[in-house]
Amino acid sequence: MDKHIIKAYWDKFLENKSPREDYPIGDITIFGSDPQTLAELVDKGIKTATTSSYDLYTETEYMPTVGDYNIILDANELPVCITKTLVTEVVPFNLVSAEHAYHEGEGDRSLKYWREIHEDFFTKEYAEAGKKFTEDMPCLCEVFEKVYDEVNGDI
């Protein structure tokens, strides 16, 4: 990850904004198992939500916070766009809504598809942490909006 490229991208976003403190940086995000496709979905405005395993956050790890701005990276770890977190909520896996699944923008956007790919992803993620995935595991559901890209500027 080239920090100079990412910082230059962030500085360009902040160029005409004042005060800069009103634009807190949240995270530099590389999404899931297919970062290129997911970054493109965010850039196109199709993906406006994401889900992570709440139990696996560490005390020192960034947790999405409403109002934060996030730099979305592609598979080459280059900035694609900036999003702003609008909503966060903790929901058991088996209660994640069809609406949230739709806003994740993946596959056919159905809850069935969402559950299949996320159960597979979370099962592997939990196994790596020495834990077992369960249907009632807490998920951190985040809703965001794209607010900037280098081509269009502020959106």
Side-chain angles (χ1 to χ4, degrees), residues 1-10 13 23-150 155:
M1 181 179 314
D2 188 327
K3 293 179 182 179
H4 298 292
I5 291 173
I6 293 168
K7 183 176 180 335
Y9 193 85
W10 180 248
F13 167 67
Y23 300 88
I25 189 161
D27 199 18
I28 299 169
T29 302
I30 300 173
F31 283 113
S33 59
D34 187 0
Q36 189 64 39
T37 299
L38 298 176
E40 288 170 7
L41 289 172
V42 173
D43 194 35
K44 292 176 183 173
I46 296 168
K47 180 174 181 62
T48 59
T50 194
T51 307
S52 53
S53 50
Y54 183 76
D55 282 343
L56 298 182
Y57 280 93
T58 65
E59 287 183 28
T60 58
E61 189 176 5
Y62 170 78
M63 186 175 291
T65 304
V66 172
D68 281 355
Y69 292 81
N70 307 287
I71 301 171
I72 308 302
L73 304 181
D74 64 15
N76 297 313
E77 299 183 345
L78 296 173
V80 173
C81 62
I82 294 176
T83 63
K84 181 179 181 182
T85 302
L86 302 175
V87 176
T88 62
E89 63 180 339
V90 178
V91 178
F93 179 86
N94 57 354
L95 295 180
V96 170
S97 71
E99 179 183 13
H100 186 80
Y102 179 84
H103 289 290
E104 286 227 16
E106 299 170 43
D108 66 3
R109 302 178 86 171
S110 70
L111 182 57
K112 181 179 185 289
Y113 179 87
W114 182 91
R115 284 193 174 143
E116 287 173 6
I117 63 164
H118 282 80
E119 182 171 344
D120 180 62
F121 178 80
F122 289 140
T123 297
K124 291 173 185 168
E125 192 175 49
Y126 267 65
E128 287 175 13
K131 297 182 178 191
K132 185 175 188 302
F133 168 83
T134 62
E135 291 267 321
D136 62 348
M137 66 157 254
C139 293
L140 179 62
C141 297
E142 176 186 1
V143 177
F144 54 82
E145 66 179 341
K146 177 181 159 183
V147 295
Y148 176 84
D149 67 40
E150 206 162 37
I155 299 173

Student: What's the separation between atom CD in Glu89 and atom OG in Ser97, rounded to the nearest 0.5 Å?
Tutor: 7.5 Å

Student: Where do Ala101 and Ser110 come nearest, in terms of heavy atoms and distance?
Tutor: CB-O, 3.9 Å

Student: How far does CD1 of Ile71 sit from CH2 of Trp10, to the nearest 0.5 angstrom?
Tutor: 6.0 Å

Student: Output every pair passing salt bridge (charged side-chain N to carboxylate O under 4.0 Å, His left out) with a member in residues 91-109, not counting sequence neighbours, ordered by first then second residue.
Tutor: Lys47-Glu104, Lys47-Glu106

Student: Could you pull out the closest heavy-atom pair between Glu145 and Leu86, with the gap in Å?
Tutor: OE2-CD2, 3.7 Å

Student: Could you measure the distance from the CD1 atom of Ile30 to the CG atom of Asn76? Nearest 0.5 Å is fine.
Tutor: 10.0 Å

Student: Identify the two heavy atoms, one from Gly67 and one from Pro24, that lie closest to each other, and give their separation to 0.1 Å.
Tutor: O-CG, 3.7 Å

Student: Main chain of Val80, side chain of Tyr9: is a donor-acceptor contact present, judged purely on distance under 3.5 Å?
Tutor: yes

Student: May I ask you to check whether Trp114 and Phe93 place their ring centres under 6.0 Å from each other?
Tutor: yes

Student: For residues Lys146 and Ile155, report the shortest heavy-atom separation together with the two atoms involved.
Tutor: CE-CD1, 3.1 Å

Student: Which value, rounded to the nearest 0.5 Å, describes the distance between Asn70 atom CG and Glu142 atom CD?
Tutor: 6.0 Å

Student: In a table with atom names and distances, give each donor-acceptor pair under 3.5 Å that connects a side chain of residues 129-136 to protein atoms at least two apart or in another chain.
Tutor:
residue: Thr134; atom: OG1; partner: Asp136; partner atom: OD1; Å: 2.8
residue: Thr134; atom: OG1; partner: Met137; partner atom: N; Å: 3.4

Student: If you define the side chain from C-beta out and look only at heavy atoms, does anything of Val42 sit under 4.5 Å from Cys81?
Tutor: yes

Student: Is the distance between the ring centroids of Phe13 and Tyr69 under 6.0 Å?
Tutor: yes

Student: Sorted by first residue and then second, give each salt bridge (charged side-chain N to carboxylate O under 4.0 Å, His left out) pair with at least one member in residues 28-37; sequence neighbours left out.
Tutor: none

Student: Can you tell if the side chain of Leu140 reaches within under 4.5 Å of the side chain of Val90, non-hydrogen atoms only?
Tutor: yes

Student: Is it the case that the side chains of His118 and Thr51 hold a donor-acceptor pair, with the cut-off being a distance below 3.5 Å and no angle test?
Tutor: no

Student: Give a yes or no on whether a salt bridge exists between Lys112 and Glu116, defined as a side-chain N under 4.0 angstrom from a carboxylate O.
Tutor: yes

Student: How long is the straight-line distance from OG1 of Thr85 back to CG of Asp27, given to the nearest 0.5 Å?
Tutor: 9.0 Å

Student: So, for Thr65 and Met63, which heavy atoms are closest and what is the spacing to 0.1 Å?
Tutor: OG1-O, 3.0 Å

Student: Output the distance between atom CG (Asp149) and atom CD1 (Ile72), rounded to the nearest 0.5 Å.
Tutor: 12.0 Å

Student: Can you name the nearest heavy-atom pair linking Leu41 to Gly105, along with the distance?
Tutor: CD1-O, 3.5 Å

Student: Please list, chain by chain and in numerical order, all residues satisfying ring pair (Phe, Tyr, Trp, His ring centres under 6.0 Å) with Tyr102, sequence neighbours excluded.
Tutor: none

Student: Going by the ring pair (Phe, Tyr, Trp, His ring centres under 6.0 Å) test, which pairs reach into residues 47-66, not counting sequence neighbours?
Tutor: none

Student: Does some side-chain heavy atom of Pro79 sit less than 4.5 Å from a side-chain heavy atom of Ile5?
Tutor: yes

Student: May I ask you to test the Cys139-Phe122 pair for a side-chain heavy-atom distance under 4.5 Å?
Tutor: yes

Student: Checking side-chain contact (heavy atoms from CB on, under 4.5 Å) for the pair Val143/His103: CA distance, chi angles, key distance, verdict?
Tutor: CA-CA 8 Å; Val143 177; His103 289 290; 6.0 Å; no

Student: Can you list every salt bridge (charged side-chain N to carboxylate O under 4.0 Å, His left out) pair that touches residues 71-84, not counting sequence neighbours?
Tutor: none

